[in-house]
Structures are given as structure tokens and as C-alpha cells.
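First the structure, in the form of C-alpha cells, and then the observations on it.
Below, each value reflects all heavy atoms present in this structure, side chains not excepted, and no hydrogens, waters or symmetry copies. It should be emphasised that the depicted structure is a prediction, and the values quoted were computed from it without experimental measurement. Residue numbers start from 1 in every chain, and the chains themselves are labelled A, B, ... in the order their sequence lines are given, proteins ahead of strands.
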2 protein chains.
Amino acid sequence: MTYKDKEITGCNSCHIKFFGFDMLNEDELKAFKHSHCKVEYQKGETIIKEGTRCSNIICIKQGYAKLYIKGLENKNIIIKLLKQGDFIVSPGLFTDNLNHFSVSAITQMDTCLISIDAFTNAYRNNNRFAEQILKLNHQITNDLYSQLINFSHKKMPGRVANTIIYLAENIYQSRKFHTTLSRQDMADLSSVSKESLIRVLKDFKEDGILSINGNQIEINSFKTLQNISHVG
Amino acid sequence: MTYKDKEITGCNSCHIKFFGFDMLNEDELKAFKHSHCKVEYQKGETIIKEGTRCSNIICIKQGYAKLYIKGLENKNIIIKLLKQGDFIVSPGLFTDNLNHFSVSAITQMDTCLISIDAFTNAYRNNNRFAEQILKLNHQITNDLYSQLINFSHKKMPGRVANTIIYLAENIYQSRKFHTTLSRQDMADLSSVSKESLIRVLKDFKEDGILSINGNQIEINSFKTLQNISHVG
DNA sequence: ACTAATAATTGATAAATGTCAACACAAAAC
DNA sequence: GTTTTGTGTTGACATTTATCAATTATTAGT
């Protein structure tokens, strides 16, 4: 094994770290590499469509995507955003083999698709890898619990504050960021109507908590925002 | 191995089937049996308390429990009910080792507690078992997605209809059932206030969709209920 | 059986939030 | 450069829903 090979953590010699992939052995990595497809997506393109058969694990090398489910009356709920280093295992795996959510690009994206078979084999034969995957799943479950609390107990300002904090802390990793999300997207992330989202954002701006200029957002008072989010 | 041993699927010679436990080999079953504690709970008792360390897998041999998370302002969200044959793996496993939800008995219960260590070992060494556990986790994730749609897009009648259908189909397995859930519990399951739940139930009763007598509920028009649930 | 405590119910009210319509603005197409 | 199309914004309004207070059942304790 050359030094270069050691740095590979899954797909096509890219040097992005994917959680748990460091547990894979040489053969498994080879299988991953062998099955992989390098695919580029443009902003707005659908990567996974809810209801289709799931055949790949999607690894994100570059760019941002939204993961969302279809709700009622053509409304969507954005479960989360995905960025470099994230990978998506459809919860259809080992159940009905269908995708239970859609994923679409919100920026230009570089991805690496790994076949479900290679992934399944690694999961079955490598218990340290399997442990990481379960760990990941448990985190997803915990996140969904928080989401349930957000959506059922918090009022609009709390939910929107939550979304802004999520974008700053988890996604853009800066309190000043430019987003490619539309207002509708941010509304779908907060479970409010587009109009309500805009109004809450306006309130935050008038209160000096945020500076907003189109899609450029800056958090001026993180503490206040956090407080609004916690109290609901 | 005697014939009797063959029928054991996990805890203390009880003949309850637990999903995935049939994948366990003799040694693993022995380890499960060795670590197990047979515990009886009374209605109202707390089995798992959110925030505590998770040290057991809880297998339900008899009775019903509610699994819930603490939300804001002392309000709870009941994620689901548990019954005979269900077992609970805390999503703290492999992450922070803490319980992220509480579980309490809503009837007298017989349970069997298996140590996390025995479970973890089986998960690590038995890939067929691990596969079933991931499968279970994926189902949990999918259920939470549905829950999110229920809570964010459906209005009260839709959410309550959903709860009644859930109780009839998944829990009591009959369109006529007696529940030990309080009105507050049913409200927490539907993400509405107790008063609102009562009003919606009253409407359903007046419309002839349900017959209600205290905690005795009968679904008269399943189709209507289903329709209310789907439309939201 | 009587009292206390808890749970269920009802009505009135206020708060939260979605919907609709109109309009502004920006990007894309011609 | 003008039209078209999509997105963002605002205001008025109706609906949904929680909250509060009061009342009635029900259950548990003595």
C-alpha cells in the first residue's frame, strides 16, 4: 500500500474524509472505488427522487444539497442540508429498497456514487464500519427528535431562529454567510409559510439581530437568536 | 441443544419473538440470557428516563409503554407506543451513551433487560443480526419522517385521525379497543393541546365516525377517518 | 359514603399563523 | 431594451389553535 493509497477514504482518490470510511480495509476500499461513479450536478438538479429504487450511496465531495420529503398539498419539508463530507444512505436500505426522500443540489456539486452492493458488503463484513454506520443512524434519529420538538412546540420565531443558527453553525460555519437557499427553502426548513418566514426575518432585522441583504445574512446577536430558539 | 432451547429467542426462556433475535447464535443467546434481568413494572412507572446513561436493551414481554421526549414548557411528545415483542435500543448507543427519550409503562408490564454489552457484542460479531438492527433503525427513521409530515402539514383533525388509526391498526390491532392512555397522552401523541384533542374527538363522535365511551373507542367509519388523516 | 385529588369537558377569548391578492424586483428570454 | 417569468415582499384577512377559567366526572383515600 503506497502512502497515497492510505489517504484514500472511499471514492476515487478524492481526499475528502467521510465519517466511518477510515474503518474500511484495502479490499473494501477497492470495491468502493471499483463501483464508484463520479457525477457532477448543477444547481437545481435532482440527485435522489423520493419513491425511486435506491441503488447508490451518495458521497458529497463539493457543494451543497437539500434533503427533503414531500408533504401534503405539494409542500415540502427540508430535513437537512448536506455538504462536503456528508454521505447519504437511504433508509430504504434493508427495508423496501426505495428512497424515502429526495435530494437536490442547491449549488453546483461534485459527488461520488458508490453502489449499494459494495456498501452492503462492507457493512456485513466489517463490524467496525457497521458500528460507525449505526452511530450515524442514531445521530440522525436524535436530530429528528429535535426536529419534532422544534416543529411541534416552538412558535415561528423560534423555528426560524433555529434555522438561521443551523445554517451558520452546521452548514456555512460562519456567522456571516451567503446562502443559495430561496426564501421558500428556508421556510420549508422551518416549517412555516414563505410569507411568515419573510416576516420573521424582517422582525429579526428590525430588532438588529440579523443583517440581511438578499441572500447575504449576518448574525449580529447570536445570544439573542439562541435565546429565541430555546424559549420557542 | 434441546428442542426447548431452539425456541428461545433472547431473554429468559420467554417465547416472545423479538425482531432479528432469530439471527443470534447459541453463544450470543447464552450471553443475552446470562446478562438478562426480568423486571415487572406497574402502570405509570418510568422504565427509561431521558438523560440517564443507557445500560440496557429493554425487551417487552407483556404490556404497553409510551416512548416520549421532553419538549418545551414541560410538554411531552409521545413518539410511539411499545407493546409485546418490541425492544428498545437507545439511540445513545455508540454515540453519547445517554438516553434521548423516556419510556414509561401505561399498563402493568413484564420486561427483560439485556445488557448493552451483550447486545453490542452480538451487533459486532454477527453481521446478520447487525443487518436486522440497521433495518429496524431505518424503519424508525421512516416513521419519524411521517411524523414530521403529520405534525407540520396536517391540521388537528388529521393528526387526531392519524392517532386513532395508529392505535387501532398498530397497537391494539382492532377497530374497537380500550386504551389506558389519558386524554393528555393522546394529545401528546397528536401534537395538540388536551382541550383540542377532546374537541376533535367530540366532533368525530358527533359525526358518527367514532363511538366513544371514556377510554373505550370504536371506529365506525374507518374510511372517513383514513380520508381525514390523508387530506390533513 | 364522604372528601380530596385527579382527569375530562366545555365555553370564551386571544394569539399564532396561513392564505390570498397585489405589487416590487431581479433574472432570463426574446 | 423590452417582455416575460420567477422570486421576494407587504398588507388585509380568515382560520386554526392554544390558553384560561369554570364545571363536571372519575378515581383514590379515609
Side-chain angles (χ1 to χ4, degrees), chain A residues 42-44 66 71-78 104 106 149-163 178-206 210-217 228-229 231-232, chain B residues 42-44 66 71-78 104 106-107 149-163 178-206 210-217 228 231-232:
Chain A
Q42 298 309 313
K43 181 177 172 174
K66 57 179 177 182
L72 269 51
E73 301 156 35
N74 291 319
K75 286 184 284 190
N76 293 322
I77 298 174
I78 298 182
S104 72
I106 59 168
I149 293 171
N150 281 337
F151 287 178
S152 21
H153 289 172
K154 288 184 188 171
K155 297 188 206 90
M156 295 197 300
R159 300 212 289 275
V160 173
N162 218 66
T163 295
H178 178 273
T179 182
T180 57
L181 290 170
S182 66
R183 296 298 192 244
Q184 183 66 63
D185 285 335
M186 287 195 245
D188 291 346
L189 206 41
S190 316
S191 191
V192 298
S193 70
K194 183 185 47 172
E195 292 90 338
S196 292
L197 175 105
I198 288 168
R199 273 183 261 265
V200 173
L201 242 37
K202 193 186 172 191
D203 290 346
F204 286 170
K205 189 179 179 178
E206 282 170 359
L210 298 178
S211 296
I212 305 175
N213 196 324
N215 285 340
Q216 186 77 34
I217 297 177
I228 294 170
S229 163
V231 173
Chain B
Q42 298 309 313
K43 181 177 172 176
K66 58 178 178 182
L72 271 49
E73 301 156 36
N74 291 320
K75 287 185 285 192
N76 293 322
I77 299 174
I78 297 182
S104 71
I106 58 168
T107 65
I149 293 171
N150 281 336
F151 287 178
S152 21
H153 289 172
K154 289 184 187 170
K155 297 190 205 86
M156 294 196 301
R159 300 211 289 274
V160 174
N162 217 66
T163 295
H178 178 274
T179 181
T180 56
L181 290 171
S182 66
R183 296 296 193 248
Q184 183 66 62
D185 285 336
M186 288 195 245
D188 291 346
L189 207 41
S190 315
S191 190
V192 298
S193 71
K194 183 185 47 172
E195 292 91 336
S196 293
L197 175 107
I198 288 168
R199 274 182 259 266
V200 172
L201 242 35
K202 192 184 172 193
D203 290 346
F204 286 170
K205 189 178 180 178
E206 282 170 359
L210 297 179
S211 297
I212 305 176
N213 197 324
N215 286 339
Q216 186 77 32
I217 296 177
I228 293 170
V231 173

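- Shown for residues 195-203 of chain B: residues whose heavy atoms fall under 4.0 angstrom of DNA chain C, namely B/E195, B/I198, B/R199, B/K202.
- Side-chain contact check for A/L197 versus A/Q184: every heavy-atom pair is 4.5 Å or farther apart.
- Here the range on DNA chain D touched by chain B, meaning any atom under 4.0 Å from one of its heavy atoms, is D/dT16 to D/dC20.
- Straight-line distance from the CG atom of B/N215 to the C1' atom of C/dA8: 10 Å, rounded to whole Å.
- The closest donor-acceptor contact from the side chain of B/S190 to the backbone of B/T163 lies at 3.5 Å or more, if one exists at all.
- Side-chain atoms of B/S191 do not come within 3.5 Å of backbone N or O of B/A187 as any donor-acceptor pair.
- As judged by a 4.0 angstrom heavy-atom cut-off over every strand, A/S182 is placed among residues touching the sugar-phosphate backbone only.
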Working for salt bridge (Lys or Arg N to Asp or Glu O under 4.0 Å), residues A/K75 and A/D188: CA-CA 8 Å; A/K75 286 184 284 190; A/D188 291 346; over 6 Å; no
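- Side-chain contact between A/V200 and A/V192: absent, with no pair of heavy atoms (C-beta onward) separated by less than 4.5 Å.
- Annotation: side chain to side chain donor-acceptor pair (under 3.5 Å) contacts of A/S104 (sequence neighbours excluded): none.
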Check the interface with nucleotides 4-6 of chain C: list each N/O to N/O pair with the protein under 3.5 Å, or write none.
none

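- At its two ends the helix from C/dA1-D/dT30 to C/dC30-D/dG1 runs along axes set 40° apart, each axis drawn from five pairs and the angle rounded to 10°.
- Interatomic distance, CD1 of A/I228 versus CZ of A/R159, reported as 14.0 Å (0.5 Å rounding).
- Shown here are the side chain to side chain donor-acceptor pair (under 3.5 Å) partners of A/N162, two or more places apart in sequence or in another chain: A/K154, A/S229.
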